Amino acid sequence: MRSADGPAPHPQSQPARAYATRQRLRIALAILLACKYGCGQRALAQNLSSVQNLDAESQSNVIHGTVVNAVTHEPIGRALVHSADNQYAMFTDGEGHFEFTLPKAADEKGLGRFTSLVQLMARKPGFLDGQNGGSAVKASPGSEITISLIPEALIKGRVSLPASDPVRGINVQLFFRQVQDGSLRWMLKNSVVTNSNGDFRFVELDPGTYKVFTGESLDNDPETTIPGGQLYGFPPVYYPGASNFAAASPIQLTAGQTFQADISLVRQPYYPVRIPVINAEQNGGLNITVSLHEQRGPGYSLGYNRARGAIEGSLPNGKYLVEASSFRQNSMNGSVNLAVAGTPAEGPNMVLARNNSIRVNVKEEFASTDSTAHGTIMTGGRSFAMPKLRLDLDLRVDPVEEDFEQRRGGGQLRPPAGPNDDSMVLEELVPGRYWLRPYANRGYVASATMGGTDLLREPLVVVPGANTPIDITLRDDTAELEGALLGAPSTQPASGRWSPPGFIYCIPLPESPGRFLEISAFPDGSFNYQTVTPGVYHVIAFSSEQRDLPYRDAEAMKVYEAKGQVVHFAAGQKVTLQLQMTQGSE
């Protein structure tokens with residue numbers, strides 16, 4: 001039978017059509033699920049990537065760090081960490097940890113970027129602040145840093161009488177051994193006054209060498225003082241019980257150390273002293289220095305009575321050197337020896353003499369005529385071009401015997417009168433012995449003599465009224481130094497800032513002329529310096545900068561005798577060295 005619409009269906013075509021339909025539905029569903037799953041996976045991956053990028057970005061602007069004790073390496077809690085500009089600050093937690101999140105700043109293209117470098121430092125009571133405390137560290141975003149704090153050292157003690165009675169109101173002075181321009185000198189660090197128990201305390205002290213002593217003090221106890229009777233006082237006592245500064249025991253402090261320095265005073269009779277000054281300026285004052293005979297140092301004092309024209313005060317029994325100098329330009333100075341022996345003492349008349357002036361003659365033997373140096377100077381209320389000779393050479397003198405911060409002797413160059421004034425005169429020289437310190441800004445000092453004295457090797461002796469000039473010769477046939485550090489580490493920090501892998505020091509031997517040099521090595525450990533003054537040098541390489549190297553003190557430098565190399569630099573010579581680095585004190 002035919003259908004009106006077409007041929008009759010096959011008897012089994014109905015089930016077959018149903019199966020095919022179900023298969024098409026399964027395929028479509030599978031395709032749909034696959035598409036949905038694939039899109040979900042891509043979305044999930046995109047979301048995870050975004051989270052990871054966000055996390056990485058958030059971490060890239062965070063600085064993590066720890067503050068530790070430089071001696072014990074233990075973490076320091078509740079330490080204040082802050083940036084140099086004080087934009088960031090926080091306290092460390094109990095484990096010494098801290099972190100700063102840096103904000104983004106727009107660069108010149110308007111794109112966000114993080115601050116590239118931050119200088120962080122830390123502080124806490126009981127630890128040293130600033131550069132000596134070692135707290136300044138440069139950090140870049142995303143870095144982990146450690147800030148080390150040096151624990152303070154302390155000197156404390158009690159001032160008492162032999163009967164163990166404490167003495168109140170006694171001035172106690174602390175001097176610190178410090179390097180100045182390569183020389184070791186004693187510097188006044190601090191002074192305090194004892195309390196009602198006679199106790200004193202010096203805090204926040206760096207590691208180093210110290211001396212402690214008491215200042216003079218009159219005994220004003222009403223129970224022991226008789227009006228109009230014998231005057232008593234307490235002379236200086238230099239720890240532990242010395243009578244002068246040179247004999248005092250040095251106190252060697254390490255980081256975090258506490259030292260007990262008890263001092264016992266001795267009550268002695270004091271006697272009035274008077275020293276007439278013949279030719280002091282009527283309206284001028286005088287600076288008075290008193291020291292034990294042949295034992296220069298701080299401790300004793302006298303004053304100048306301008307109305308009476310005399311140096312006055314009181315001193316215990318002993319022999320003293322009393323020196324005076326005026327404060328004004330073209331100053332005057334004088335000195336007398338004074339002996340006190342159980343009665344009031346009047347010293348010999350002190351006659352003040354004008355300080356010396358010495359002319360300096362300079363001869364330039366330069367092979368090169370190229371000189372581009374220029375500068376200006378202001379003197380007498382006007383400014384003008386620096387004379388050519390002043391650009392090439394500078395001078396000063398250092399007293400040979402002076403071991404303290406307060407230097408006597410002046411020794412300054414007279415200011416030029418104008419741009420064409422090439423004259424050089426050393427002024428304000430007190431009679432005594434000096435080391436001449438010439439500094440050539442062009443070439444080097446080949447010779448410096450005064451009469452028959454070689455001033456590059458021997459002291460300059462200044463006597464009253466001396467007028468022998470100093471003759472100096474400058475040359476430019478300098479030597480050259482090049483070389484490399486053995487085993488120099490790579491020091492390129494994460495911040496991208498370069499720091500030298502080592503420092504090379506050229507130290508003239510005591511019997512040789514020369515000029516002290518500090519040379520920074522290049523990142524690859526090589527170094528070069530083209531204007532070395534000819535002479536014999538001890539050349540040493542250090543892994544860190546030596547700010548307090550006592551290179552003028554032969555005794556102090558003996559610890560480095562086995563380090564480095566002794567090298568002779570001849571005029572025009574090129575020297576090549578390979579140096580092993582030494583671990584310095586810093």
Side-chain angles (χ1 to χ4, degrees), residues 70 117 119 130-138 145-148 150 177-185 206-208 255 437 439-441 444 478-510 512-569 573-586:
L117 195 67
Q119 181 167 303
Q131 185 175 0
N132 291 342
S135 64
V137 175
K138 292 179 180 178
I145 65 172
T146 299
I147 301 178
S148 299
I150 299 176
R177 192 73 155 164
Q178 187 170 326
V179 176
Q180 276 192 339
D181 192 25
S183 298
L184 286 167
R185 299 192 182 277
D206 300 297
R437 306 297 190 199
Y439 295 92
N441 299 312
Y444 67 95
T478 55
E480 182 179 353
L481 171 63
E482 68 172 12
L485 300 177
L486 297 176
S490 174
T491 58
Q492 189 70 16
S495 64
R497 291 284 185 97
W498 168 76
S499 60
F503 297 84
I504 300 88
Y505 292 86
C506 298
I507 305 162
L509 297 188
S512 171
R515 181 174 179 177
F516 172 78
L517 295 175
E518 177 188 286
I519 306 168
S520 299
F522 296 114
D524 62 356
S526 65
F527 54 87
N528 180 268
Y529 196 87
Q530 299 182 349
T531 55
V532 179
T533 299
V536 182
Y537 293 80
H538 188 184
V539 183
I540 315 175
F542 289 93
S543 58
S544 58
E545 186 177 6
Q546 302 298 295
R547 299 182 182 90
D548 295 322
L549 190 67
Y551 60 88
R552 298 193 193 276
D553 192 306
E555 187 66 27
M557 291 300 294
K558 283 185 178 180
V559 297
Y560 300 111
E561 281 183 346
K563 308 294 183 180
Q565 302 178 33
V566 175
V567 183
H568 178 266
F569 291 85
Q573 180 187 15
K574 185 175 184 178
V575 176
T576 301
L577 299 177
Q578 288 189 324
L579 298 172
Q580 190 71 46
M581 283 195 295
T582 297
Q583 298 296 323
S585 59
E586 298 184 12

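All values derive from a computational prediction rather than experimental measurement.
- Side-chain contact between I504 and Y529 is absent, with no heavy-atom pair separated by less than 4.5 Å.
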Margin query: Could you go through R547 and V179, starting from their C-alpha distance and side-chain angles, then the distance that decides it, and tell me whether this counts as side chain to side chain contact (heavy atoms under 4.5 Å, CB included)?
Written below: CA-CA 9 Å; R547 299 182 182 90; V179 176; over 6 Å; no

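- Between F516 and Y551, the ring-plane angle classifies as parallel under the 30° and 60° cut-offs.
- Side-chain contact check for R515 versus P508: every heavy-atom pair is 4.5 Å or farther apart.
- In this structure, Q119 places its CD atom where more than 12 heavy-atom neighbours from other residues, nucleotides or ligands lie under 6.0 Å away.
- Nearest heavy-atom pair, A70 versus S148, reported as atom, atom and distance to 0.1 Å: CB-CB, 4.0 Å.
- Proximity of V575 to H568: side-chain heavy atoms (C-beta onward) are nowhere separated by under 4.5 Å.
- Here the closest heavy-atom approach between residue T576 and residue G483 is recorded as CG2-CA, 4.5 Å.
- To the nearest 0.5 Å, the span separating CG on N528 from CD on E480 amounts to 5.0 Å.
- At least one side-chain heavy atom of E545 sits under 4.5 Å from a side-chain heavy atom of E518.
- Taking all atoms of both residues into account, the shortest heavy-atom contact from H538 to K563 is NE2-O, 2.6 Å.
- With respect to V532, the side chain to side chain contact (heavy atoms under 4.5 Å, CB included) criterion is satisfied by exactly one of T478, I519, L517: L517.
- Two residues are said to be in side-chain contact when any heavy atoms from C-beta on lie closer than 4.5 Å; M581 and L486 fail this criterion.
- By the 4.5 Å heavy-atom criterion applied to side chains, L549 and F503 are not counted as neighbours.
- Closest non-hydrogen pair, P500 versus S520, comes out as CG-CB, 4.0 Å.
- Q580 and T582 share no donor-acceptor pair across their side chains, judged by distance under 3.5 Å alone.
- The side-chain hydrogen bond (donor to acceptor under 3.5 Å, both in side chains) test applied to Y444 returns D477, not counting sequence neighbours.
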Stepwise side chain to side chain contact (heavy atoms under 4.5 Å, CB included) test for L481 and Y537:
CA-CA 12 Å; L481 171 63; Y537 293 80; over 6 Å; no

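- Residues V536 and S512 approach most closely at N-OG, 2.8 Å, considering heavy atoms.
- Closest of all the heavy-atom pairs between A255 and I150 is CB-CG2, 3.7 Å.
- Distance check, rounded to the nearest 0.5 Å: CZ of R437 to CG of D181 gives 7.0 Å.
- From M557, atom CE reaches atom CG of L509 across 10.0 Å, with rounding to the nearest 0.5 Å.
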